[in-house]
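All heavy atoms count here, side chains included; hydrogens, waters and symmetry mates do not. As the structure lists them, so they are numbered: ligands from 1, and atoms in each ligand from 1.
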Amino acid sequence: MTTEESARALQLTPDGQLRHFLTLDGLDQSLLTQILDTADSFIEVGERRIKKVPLLRGRTVVNLFFESSTRTRSTFELAAKRLSADVLNLDISTSATSKGESLSDTLLNLEAMASDMFVVRHSRSGAPHFIAESVTPGVAIINAGDGRHAHPTQAMLDMLTIRQHKQRFDGLKVAIVGDILHSRVARSQIRALNTLGAEEVRVIGPSTLLPRDVESLGCRVEYDLKAGLKDIDVIIMLRLQRERMEGALLPSEREFYKVYGLNTDKLAYAKPDAIVMHPGPINRGVEIESAVADGPQSVILNQVTNGIAIRMAVMSMAMSGQLAQRAATEAEARV
Ligand code: CP
């Protein structure tokens, strides 16, 4: 089985419904479009006075964040609450894992509390995948970012934001700028943009911050920011991920800003209606100037708002897939 096939088999029911959401590998354009369309239908819920729908009523969602997070953790929590789920946020710093308990044992205990879904962020690439392979049937696993590997809900909320502002993917040229090497977000974005039919994905950064085989991910490489921004419709800035850097990959943050930081002058090299995105947390004066981050072309806060609708979509679709699979298994057992 290829990597794509095994990712598909683990994440989808036999009839193609989502049951876990771990990576965009193996997921086709129609499924990604279904996620975007479902999220679109949830945007209106966030504008109501009572921001709730009953889709996960009676279900328990556990947020398991083994790495720090502001946006992802809080928007997953809001999304689960807007779907009417009971939400448990496990504080890893005071949980049994900090007393030596293995991840598997912690999960067995949480499963014994009849949990229906785990939202997992972990510094180790593959941790959510490992959990999905061993979890009790019927429990959905959602990846909230694993190591350098993937951050699929971030990529999908970015796609929703792009679609809102540009109405399409075909013909779009998208630049991803900065520390691609350590970025799980960039890997998932490149995958999503290619699956959804973007014309070109361009990565721009110093060679020390680009993976050796980056073109094989489905993108073109540029080392010069001004030249790389020519004809670009969407600019995605990334932060320097110091927590994952080993060794001296950069002369200094000041030097990096001078060459790769997005300021008003450099932004003028992209198309006049280009939008500026950033997954956060942003470092002003390191990868982006405040005038750009807060300027008229910035959609950074729209991305955060869209995170709730995308996470509602993914959680409701995965729960529905798990229920469909359980019903099919029970029907088979009765025959
Ligand atoms: N974009 C993102 O993953 O941000 P957090 O680390 O704050 O969740």
Revision key, fill the gap. The closest protein heavy-atom partner of atom 2 (C) of ligand 1 is Thr72 OG1, 3.4 Å
Practice item. For atom 4 (O) of ligand 1, grab the closest protein heavy atom and report residue, atom and distance to one decimal in Å. Key: Arg71 NE, 3.2 Å
Review point. Nearest heavy atom to atom 5 (P) of ligand 1: which of Ile282, Leu157, Thr70, Thr153 does it belong to?
Key: Thr70
Review point. Which is closest to atom 1 (N) of ligand 1 by heavy-atom distance: Pro279, Ser74, Pro281?
Key: Pro279
Would you indicate whether the side-chain heavy atoms of [Y] and [X] approach each other to under 4.5 Å?
X	Y	answer
Glu200	Asp231	no
Glu253	Leu240	yes
Met317	Thr38	yes

Check your understanding: Judged by non-hydrogen atoms, does Arg121 sit under 4.0 Å from ligand 1?
Key -> yes
Review point. Of all the heavy atoms in Gly280, does at least one lie under 4.0 Å from an atom in ligand 1?
Key: yes
Practice item. Using the ring of Phe65 (Phe, Tyr or Trp, six-membered ring only), decide whether Arg121 places NZ or CZ under 6.0 Å from its centre and within 45 degrees of its axis. Key: no
Review point. Does an N or O from Arg73, backbone or side chain, lie closer than 3.5 Å to an N or O of ligand 1?
Key: no
Review point. Any chance NZ of Lys258 has more than 12 other-residue heavy atoms, nucleotides or ligands included, within less than 6.0 Å?
Key: no
Check your understanding: Hey, is CZ on Arg212 packed in by over 12 heavy atoms from elsewhere, all under 6.0 Å?
Key -> no
**Study point:** Close-contact set for ligand 1 against Gln154 heavy atoms, below 4.0 Å
**Key:** 1 (N), 2 (C)
